[in-house]
Amino acid sequence: DYGKYNIRVNNIVPGYIRTQMTKKSYSNKTKSKKRIERTILGRWGSTNDLIGPTIFLLSDASKYITSSDIYVDGGFLNKGI
């Protein structure tokens with residue numbers, strides 16, 4: 001609907017990122033270990049891990065991308081639940 005106005009709509013889908021909101025989970029050794037085991041990169045993400053994809057979507061490098069999801073989850077989606 002917005003493409004005709006040159007408006008692109010994309011989505012960054014973060015995985016388990018260490019923030020104040022997720023502190024209870026990453027501080028719990030059992031929960032944290034399970035999340036890490038289910039992530040290909042074997043670690044929690046940091047807020048810095050979201051910077052690159054955000055800059056990419058804001059730049060002209062992504063000017064022909066719309067209606068897309070970019071998963072920044074360390075491979076959690078592919079390794080699975």
Side-chain angles (χ1 to χ4, degrees):
D1 292 344
Y2 295 104
K4 61 187 171 191
Y5 304 110
N6 202 30
I7 296 173
R8 299 174 296 118
V9 179
N10 296 294
N11 186 36
I12 293 176
V13 185
Y16 289 101
I17 305 293
R18 286 181 69 127
T19 66
Q20 195 61 31
M21 190 170 86
T22 60
K23 187 175 183 177
K24 191 173 181 180
S25 289
Y26 71 76
S27 295
N28 180 309
K29 290 183 182 188
T30 303
K31 281 185 180 182
S32 186
K33 183 178 182 229
K34 285 182 183 180
R35 295 202 185 359
I36 288 170
E37 288 172 352
R38 293 179 180 168
T39 303
I40 291 172
L41 295 182
R43 66 175 179 84
W44 279 73
S46 74
T47 53
N48 287 339
D49 292 320
L50 301 171
I51 294 172
T54 302
I55 291 171
F56 169 68
L57 287 177
L58 291 170
S59 75
D60 281 342
S62 67
K63 66 183 176 184
Y64 197 60
I65 296 174
T66 192
S67 185
S68 294
D69 296 324
I70 298 179
Y71 290 85
V72 183
D73 67 355
F76 184 87
L77 182 67
N78 289 313
K79 192 167 182 182
I81 297 170

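Index from 1, following the sequence. Not measured: the values here are computed from a predicted model.
Among V13, L57, I65, the one residue that satisfies the side chain to side chain contact (heavy atoms under 4.5 Å, CB included) test with I70 is L57.
Under a cutoff of 6.0 Å and an axis angle of 45°, R18 and Y26 form a cation-pi pair.
Note that CG of L50 is 11.0 Å distant from CD1 of I55, once rounded to the nearest 0.5 Å. Atom NZ in K34 sits 11.5 Å away from atom OG in S25 (nearest 0.5 Å). Note that NZ of K63 is 15.0 Å distant from CG of L58, once rounded to the nearest 0.5 Å. Atom CD1 in I12 sits 3.5 Å away from atom OG1 in T54 (nearest 0.5 Å).
Residues in residues 5-17 take part in these side chain to side chain donor-acceptor pair (under 3.5 Å) pairs, two or more places apart or across chains: R8-S62, N11-D69.
A heavy-atom distance below 4.5 Å is not found between the side chains of T39 and W44. For the pair K23/N28, no side-chain contact is recorded, criterion being any heavy-atom separation below 4.5 Å from C-beta on.
E37 and K79 get closest at one heavy-atom pair: O-NZ, 2.9 Å. Among all heavy-atom pairs drawn from T66 and V9, the shortest one is OG1-N, 3.1 Å.
Between R35 and D73 no salt bridge is recorded (no basic side-chain N to carboxylate O distance below 4.0 Å).
Side-chain N or O atoms of T22 include one that pairs as donor or acceptor with a backbone N or O of I17 at under 3.5 Å.
Both F56 and V72 belong to a common hydrophobic cluster when Ile, Leu, Val, Met, Phe, Trp and Tyr are linked at side-chain heavy-atom distances under 4.5 angstrom.
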